[in-house]
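Since the structure comes first, as structure tokens, the remarks are kept for the end.
Remember, it's 1-based here, ligands and their atoms both numbered in the order they're listed.
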Amino acid sequence: MTDQNNSFDAIIIGAGFSGLYQLHTLRDQLKLSTLTVESGSDLGGTWFWNRYPGARCDSESHSYCYMFSEEIYKKWEWSERYPGPEEIRSYLNFVADELNLRRDIKFNTLVTKARFIESDNKWELTTEGGETYRATYLITGIGCISSANIPSIPGLQDFQGKWYHTGNWPHEEVSFENKRVGQIGTGSTGIQAAPEIAKTAGHLHVFQRTPNYSVPARNAPLSDAFKREFHDDYEEIKKAVRSTPNGHPFRISETKVFEHNKHEREKVYEDAWSKGGLQFRATYQDLTTSKAANDTAANFLKEKIKSIVHDKTTAHSLANIDYPYAGKRPPIDTNYFETFNRDNVSLVDLKQESIIKITEDGIQTSARHIPLDIIVFATGFDAITGKFMEMDIQGRNELKLSEAWKEGPKTYLGLQTPGFPNLFSITGPGSPSVLCNMPVPIEQHVEWITDCIAHMRKNDIDTCEASEEAADEWVAHVNEAANATLLVTVPHSWYLGANVEGKPRVFMPYAGGMVRYRALCDDVVKHNYAGFVLSSKNDSEQTGGNNSKHNFDITKQITTPGI
Ligand code: N01
């Protein structure tokens with residue numbers, strides 16, 4: 001619903017999976033005047049920006065979608081095991097049409113500032129175009145990997161060819177035909193992009209700083225029988241994604257690695273390799289918590305690389321991995337290692353030669369000059385907090401979010417930050433987010449925020465704000481959960497913010513698993529929003545919440561991490 005004075009009950013930033021569903025619940029269920037603002041010219045979020053060659057979701061299509069409506073779930077038909085950006089955008093457009101969402105989304109609207117006005121408990125937003133908006137509730141649905149990280153390699157401004165970052169890919173087709181292409185980065189994105197770029201490039205040079213494990217995705221069209229089955233099994237699939245730690249529809253085995261002998265293990269790994277996909281990570285219970293257990297999977301995958309790649313030196317560089325499998329987000333691929341058997345592809349191993357600078361016609365390494373027409377930066381993101389920091393967000397007492405998060409994001413449940421009343425984040429730092437199949441935590445957050453706002457309105461509560469004490473306790477617990485895994489042992493991971501110069505080294509997502517996280521959030525509600533201060537401006541007393549007395553001990557609820 002639009003308003004002449006640009007004043008709304010709720011404003012949502014972002015029109016991806018999060019923002020679309022949040023718009024539906026606040027506008028259609030709570031009947032709030034609600035506006036969604038989106039910097040892109042269309043909806044899609046991550047999938048609006050990430051259109052690089054080979055882009056594809058690593059979650060399986062039948063689970064990478066909304067589950068809140070059986071009708072919507074059953075009306076949509078996916079075509080492949082893993083959906084690409086175009087199909088995901090079509091799906092989100094279909095949902096937006098079903099729910100009539102577009103009329104309340106303002107595109108091409110980049111929020112540059114958000115201020116909490118204490119005198120009337122409102123958020124005031126300013127956009128790049130100079131418009132201002134006001135709202136009682138501000139909800140961010142800005143994604144976790146949406147702020148492109150372009151490394152500061154000297155000389156980029158001198159480069160006379162074309163260059164692109166995968167996360168800001170042009171909407172027009174980019175031709176690599178007969179071009180000399182340099183791709184920097186071999187994360188999930190680079191591993192998807194290289195095989196596609198190599199198909200038409202004159203020559204592709206893949207600059208690898210850290211080698212990566214990868215398991216074949218084994219993408220394929222879905223059979224009619226499968227499509228029927230996943231429609232029929234709606235309830236079961238919904239139950240499954242809500243009962244696994246990662247929100248994927250497959251279970252993590254309860255067997256530990258050394259309960260099997262070498263022969264049995266090889267069979268388990270071989271079967272998972274043939275099946276393909278992220279399930280490889282689910283083969284054993286202790287893969288991400290025990291280094292010795294992890295070594296068995298890591299060695300299996302390194303041997304696979306060596307058996308695929310013909311050139312011994314290249315194979316050695318690709319398999320020269322010194323951190324645990326799945327310690328960083330594990331990629332899945334379509335012919336990534338096979339691509340290095342092509343005559344028009346070479347690996348530049350940055351452990352052997354380093355990038356010195358970009359020149360006007362290529363990249364100068366410590367060993368040679370590599371002439372290039374196109375540079376593709378598959379160099380990742382200022383993840384999880386980057387997009388927040390691009391906005392100037394100011395809470396109570398002129399506290400800036402950048403100041404509040406100076407030593408790392410300090411949130412309660414990833415949902416709120418002390419000092420920023422009525423500002424809610426969907427999949428914010430300190431929530432399971434990127435460790436999951438994203439639609440699952442998104443739906444849980446949207447529903448929790450909706451219920452919280454409904455509770456506030458029903459009880460005449462003006463502001464909801466995380467308490468300092470609860471946030472401190474939660475941050476300690478996020479660290480505790482991460483420290484119980486091997487994920488913290490990878491020094492250059494973006495989970496830790498280690499890929500961005502000057503960013504605090506703090507493990508940002510919650511590694512305790514989605515099931516436990518959901519239970520904790522429900523328990524907080526049951527205990528009258530424990531850890532949140534709920535107040536009314538007509539009442540100097542706190543009208544709800546459980547700020548001072550925690551009768552609910554978060555830290556004692558965790559036994560094993562659930563990633
Ligand atoms: O980014 P990354 P990404 N010189 O940060 C290298 C999601 N995703 O875009 O490891 C040379 O993982 C860097 O090297 P190093 C998914 O969650 C989802 O690939 O830092 N190299 C690394 O190799 C994923 O985890 C899907 O040493 C430099 C690469 O660039 C997340 O997005 C698909 C460098 C960056 O890897 C991010 O993945 C794809 C430099 N100066 C991605 N700076 C789906 O399925 C960086 N690198 C939905």
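The closest approach between Tyr323 and ligand 1 stays at or above 4.0 Å for every heavy atom of the residue. Proximity of Trp494 to ligand 1 is established by a heavy-atom distance of less than 4.0 Å. A heavy-atom separation below 4.0 Å is not found between Met438 and ligand 1. Contact analysis leaves Tyr495 out of contact with ligand 1, as no non-hydrogen atom separation drops below 4.0 angstrom.
Among Ala378, Ala383, Gly190, the residue whose heavy atom lies nearest to atom 29 (C) of ligand 1 is Ala378. The nearest non-hydrogen atom to atom 48 (C) of ligand 1, considering only Tyr64, Phe381, Trp47, comes from Trp47. Looking at Pro83, Gly380, Cys57, Ser146, it is Gly380 that brings a heavy atom closest to atom 1 (O) of ligand 1. Between Val434, Thr379, Asn50, it is Thr379 that holds the heavy atom closest to atom 46 (C) of ligand 1. Distances from atom 10 (O) of ligand 1 to the heavy atoms of Arg329, Arg209, Lys328 put Lys328 nearest.
Between the side chains of Gln192 and Tyr336, no donor-acceptor pair of N or O atoms lies under 3.5 Å. Between Ser425 and Thr140, the side chains place a donor N or O and an acceptor N or O closer than 3.5 Å (distance only, hydrogens not considered).
Between Tyr269 and Phe280, the two ring planes are parallel [angle under 30°; tilted spans 30° to 60°]. Ring pair Tyr91/Trp76 is perpendicular by interplanar angle, where above 60° counts as perpendicular and below 30° as parallel.
For Pro151, every heavy-atom contact with ligand 1 shorter than 4.0 Å involves the side chain, none the backbone. Using a 4.0 Å cut-off between heavy atoms, Ile191 makes no contact with ligand 1 at all. At a heavy-atom distance under 4.0 Å, only side-chain atoms of Ile145, from C-beta outward, approach ligand 1.
The pair Lys357-Asp158 does not meet the salt-bridge criterion, since no charged nitrogen lies less than 4.0 angstrom from a carboxylate oxygen. Look at Asp382 and Lys503 and you find a salt bridge, because one of the NZ, NE, NH1 or NH2 atoms lies within 4.0 Å of a carboxylate O, short of that distance. A salt bridge does not link Lys275 to Asp271: none of the charged nitrogens lies less than 4.0 Å from a carboxylate oxygen. For the pair Arg51 and Glu86, the salt-bridge criterion is not met [side-chain N within less than 4.0 Å of a carboxylate O].
Shown in contact with Gly185 at under 4.0 Å from a heavy atom are these atoms of ligand 1, numbered in order with element: 6 (C), 23 (O), 29 (C), 30 (O).
Residue-to-ligand polar distances place Ser188 within reach of ligand 1: an N/O pair is separated by less than 3.5 Å. For ligand 1, the polar-atom distance check finds no N/O of Asn499 at less than 3.5 Å from any of the ligand's N/O atoms. Between Thr166 and ligand 1, no pair of N/O atoms sits closer than 3.5 Å. Residue Asp58 has at least one N or O atom closer than 3.5 Å to an N or O atom of ligand 1.
Relative to the six-membered ring of Tyr323, Lys328 meets both conditions, a distance below 6.0 Å and an angle of at most 45° to the axis.
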Exercise for review: Give the C-alpha distance, both sets of side-chain angles, the deciding distance and a yes or no for salt bridge (Lys or Arg N to Asp or Glu O under 4.0 Å) between Lys239 and Glu236.
Suggested key: CA-CA 5 Å; Lys239 213 159 107 197; Glu236 241 167 80; over 6 Å; no

